[in-house]
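Below: one structure, written as structure tokens.
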Amino acid sequence: MDELNEKVHQFLGDGPLFDHCLAVAKTAKMLAEKYGENPSKAYIAGLLHDVGGYYPNDKRVAIANEAGIPLLEEEEAYPLLIHQKISKFLARWKFGIFNDEILSAIECHTTLKANFTRLDLIVFLADKISPDHPTEPQYKAALLKALERSPEAAALFYINEMLKRGVPVTHPWLLEAKKELEEKIN
Ligand SMILES: [Fe+2]
Ligand SMILES: [Fe+2]
């Protein structure tokens, strides 16, 4: 694990993005231990989830095209949403992670998706509750309270909150995940 930490550190350099990746890795590991998932897969997915954030928004469409990553029209309209797919690409081709469960969790860490796994859910949540996340204390407290009920309840709370606050472009995966979460919870 130290070797992968070092590689990611070398790629991202010092700064908030690397600190965030490390914080999410640790949080994902902790959640995996709590909810019976594989802690080391969770750690690796957390560590790599935002490596695609290295490339600025205005380069993301070009990079995705170059890498042969299929894009949805929502992603072309709002390239922030592309970073999860670029992270997955880099995880495989730059960092040598070929495990499908890990790659899946990286790929949907911002939006979740239909047929999400428990590992997907854990990495999605770790990204939102990690200690470095700039969330308002009140909102974070409500999110953690929902997590006391279940990871599914926390994810649904987060998605509803995001939709309520208004996102520039709604990714279809987010809506698919919301529908599934509602079916699971109710
Ligand atoms: Fe991200
Ligand atoms: Fe993140």
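Phe89 places none of its side-chain heavy atoms less than 4.5 Å from the side chain of Glu66. Side-chain contact between Leu72 and Pro172 is present, with heavy atoms from C-beta onward closer than 4.5 Å. The shortest side-chain heavy-atom distance between Thr170 and Leu163 falls under the 4.5 Å cut-off.
Counting heavy-atom neighbours within 6.0 Å of Lys94 NZ, excluding the residue itself, gives a total of 12 or less.
The salt bridge (charged side-chain N to carboxylate O under 4.0 Å, His left out) analysis of residues 153-162, with sequence neighbours excluded, yields the pairs Glu161-Lys164, Glu161-Arg165. For residues 102-111, the set of pairs meeting the salt bridge (charged side-chain N to carboxylate O under 4.0 Å, His left out) definition, not counting sequence neighbours, comprises Lys88-Glu107, Glu107-Lys113.
For the side-chain contact (heavy atoms from CB on, under 4.5 Å) criterion with Ile106, the lone passing option out of Leu48, Val51, Ile86, Leu90 is Leu48.
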Please tabulate, for the side chains in residues 25-35, all donor-acceptor contacts under 3.5 angstrom to protein atoms that are two or more places apart in sequence or on a different chain.
from	atom 1	to	atom 2	distance (Å)
Thr27	OG1	Ala23	O	2.7
Tyr35	OH	Leu147	O	3.4

Determine all donor-acceptor pairs shorter than 3.5 Å in which one atom belongs to a side chain in residues 152-159; sequence neighbours excluded.
from	atom 1	to	atom 2	distance (Å)
Glu152	OE1	Arg118	NH2	3.3
Glu152	OE2	Arg118	NH2	3.0

Can you give me every donor-acceptor pair (side chain of residues 6-15, partner residue at least two apart or in another chain, under 3.5 Å) with its distance?
from	atom 1	to	atom 2	distance (Å)
His9	NE2	Asp14	OD1	2.7

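With sequence neighbours excluded, the residues forming a side chain to side chain contact (heavy atoms under 4.5 Å, CB included) with Asn57 are Arg60, Pro79, Leu80, listed by chain and number. Applying the side chain to side chain donor-acceptor pair (under 3.5 Å) rule to Glu180 yields no partners; only residues at least two apart in sequence or on another chain are considered. With sequence neighbours left out, the side chain to side chain donor-acceptor pair (under 3.5 Å) criterion links Asp132 to His20, Ser130. Under the rule for a ring-ring contact (aromatic ring centres under 6.0 Å, His included), Phe116 has no partner lying at least two apart in sequence or in another chain. Every residue was checked against the ring-ring contact (aromatic ring centres under 6.0 Å, His included) condition with Tyr55, not counting sequence neighbours, and none meets it. Applying the side chain to side chain donor-acceptor pair (under 3.5 Å) rule to Asn5 yields the partners Tyr43; only residues at least two apart in sequence or on another chain are considered. Qualifying side chain to side chain donor-acceptor pair (under 3.5 Å) partners for Glu75, counting only residues two or more places apart in sequence or in other chains: Lys85, His171.
Judged by distance alone, the side chains of Asp50 and His109 do bring a donor and an acceptor atom under 3.5 Å apart.
By the criterion of side-chain heavy atoms lying less than 4.5 angstrom apart, applied directly or through intervening Ile, Leu, Val, Met, Phe, Trp or Tyr residues, Ile44 is grouped together with Tyr54 in one hydrophobic cluster. Linking Ile, Leu, Val, Met, Phe, Trp and Tyr residues whenever their side-chain heavy atoms come within less than 4.5 Å leaves Leu143 and Val24 in two separate clusters. Leu71 and Ile63 fall within the same hydrophobic cluster, where Ile, Leu, Val, Met, Phe, Trp and Tyr residues are linked whenever their side-chain heavy atoms come under 4.5 Å apart, directly or through other members. With hydrophobic clusters built from ILVMFWY side chains whose heavy atoms lie under 4.5 angstrom apart, Tyr78 does not share a cluster with Met162. Note: the hydrophobic cluster containing Leu144 also contains Leu181 (ILVMFWY, side chain heavy atoms under 4.5 Å, direct or indirect links).
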CA sep, side-chain torsions, deciding dist, call: Gln84, Trp173, side chain to side chain contact (heavy atoms under 4.5 Å, CB included) = CA-CA 12 Å; Gln84 55 182 3; Trp173 292 5; 4.0 Å; yes
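Interatomic distance, Glu76 CD to Ile82 CD1, rounded to the nearest 0.5 Å: 7.0 Å. With values rounded to the nearest 0.5 angstrom, Thr117 atom OG1 is found 11.0 Å from Asp100 atom CG. Here CD1 of Ile102 is found 11.5 Å from CG of Asp120. Values are rounded to the nearest 0.5 Å. The CD1 atom of Ile122 sits 8.0 Å away from the CG atom of Leu125 when rounded to the nearest 0.5 Å. Atom CD of Glu183 and atom NZ of Lys179 lie 5.0 Å apart (nearest 0.5 Å).
Proximity of a side-chain donor or acceptor of Asn38 to a complementary backbone N or O of Lys41 within less than 3.5 Å is detected. Side-chain N or O atoms of Thr111 include none that pairs as donor or acceptor with a backbone N or O of Leu174 at under 3.5 Å.
Counting all heavy atoms, side chain and backbone alike, Phe124 lies closest to Cys108 at CD1-O, 4.2 Å. Smallest separation of non-hydrogen atoms from His49 and Val123: CB-CG1, 4.4 Å. Counting all heavy atoms, side chain and backbone alike, Leu17 lies closest to Gly53 at CD2-C, 3.7 Å.
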